[in-house]
Amino acid sequence: MPVVIASGNGINATAMAMEKIRQGIDTLDAVVAGVNLVEEDPNEMTVGYGGYPNDQGVVELDACVMHGPTYRAGSVGALKGVKRPSRVAQLVMERTDHIMLVGDGALAFAKAHGFKEEDLLTEKAREAWLKWKESLSDQDDWLGEDERKLGFERPTGTINCCALNEKGELSGTTTTSGLAFKIPGRVGDSPIIGAGLYVDNEVGAAGATGRGEAVILSSGSRIVVENMRHGMKPHEAILDVLERICQKTVDRRLLYRKGYPKFNDTFYAINKDGEYACAAIYPGAKFAVHNGKENALQDAGYLLERPEDG
Ligand code: ASP
């Protein structure tokens, strides 16, 4: 039975990807077609066109793809002006000998492949950025001494989408505008193979959304896949990584009084047998699943209840 899973903002992506898989289209083309819908949606403010900009009001996108059958990957970081970064990441995989292109080089590469350079900042995103800018100081990345102690949380969001077809072929993609109002040039986990996405055709696929710095530090998606390789079911494999993230988070500004993280991370995983799971540190997340019969949002599992001061 084919399966497509995605983050909670990906219900249209899972429908589109499953439709493509049923037409016999490759799993990578299928998931990229799925997330393209979300990248082009101006109302999704955490992915692609209309995403939250960096601290200068410029939208910078991160994305990656990984193709299980050929064990290849491609990625773009801090890409400006292009609406469908996942497709550019796919072209990096298909049309270069590299894995990752960033910044101006990624844009030049996209333009060489016929992508139009466009302004990705919508009025809604510009207004959100201006509001943030006008109430600045404890909400930026340039941490003063006091802010280090206090900590803060900003809007996050991303789409991850992974698919398995009837032949047992797996692929995945993760695409995002990244942390809202980030320092220009900041690259999160989403375009980093092993962090925001990892696919091994013999084992499974995993992806992540949430605080990218914690996902990079834990090599999160890679470890989820390795856990599945060593026999864990997708849910257990994810909880193990979430536990490690919690254990390794020691910076006080990132912790509630109880010692739990102030941020959330969510992982998505499918194994080779079509078993899948999604779990986050804290409850409340939903994820999208097309199981070959129906396309629906499901509740994600979780590791911890948010503490009272959270
Ligand atoms: N993981 C993304 C990043 O850190 C953001 C998110 O998923 O909310 O760039």
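In listed order, ligands and their atoms are each counted from 1. Basis for what follows: all heavy atoms, side chains included, without hydrogens, waters or symmetry-related copies.
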Mind checking whether Asp189 has an N or O less than 3.5 Å away from an N or O of ligand 1?
yes
Students should be able to answer this: which protein heavy-atom is nearest to atom 8 (O) of ligand 1, and at what distance?
Gly157 N, 2.4 Å
Are any of the N or O atoms of Gly178 closer than 3.5 Å to those of ligand 1?
no
Would you call Arg186 a ligand 1 contact, heavy-atom distance under 4.0 Å?
yes
For Gly212 and ligand 1, does the shortest N/O to N/O distance drop below 3.5 Å?
yes
Does the plane of the ring in Phe287 sit parallel, tilted or perpendicular to the ring in Tyr268? Use 30° and 60° as the thresholds.
tilted
For ligand 1, which is the ligand I care about here, please tell me if Glu213 has any N or O atom under 3.5 Å from one of the ligand's N or O atoms.
no
Regarding ligand 1, does Asp62 bring an N or O atom to under 3.5 Å of one of the ligand's N or O atoms?
no
Between Glu213 and Arg186, does at least one N-O distance fall below 4.0 Å, as a salt bridge requires?
yes
Between Arg229 and Glu226 (salt bridge meaning N to carboxylate O under 4.0 Å), is one present in this structure?
yes
I'd like to know if the side chain of Ser75 and the backbone of Pro191 have a donor-acceptor N/O pair within less than 3.5 Å.
yes
May I ask you to list the atoms of ligand 1 that are less than 4.0 angstrom from any heavy atom of Leu179?
9 (O)
At under 4.0 Å between heavy atoms, is it the side chain or the backbone of Thr209 that contacts ligand 1, or both, or neither?
both
Could you tell me if Gln90 and Arg87 have a donor-acceptor pair between their side chains, going purely by distance under 3.5 Å?
yes
Does the side chain of Tyr282 reach to within under 4.5 Å of the side chain of Pro307, using non-hydrogen atoms?
yes
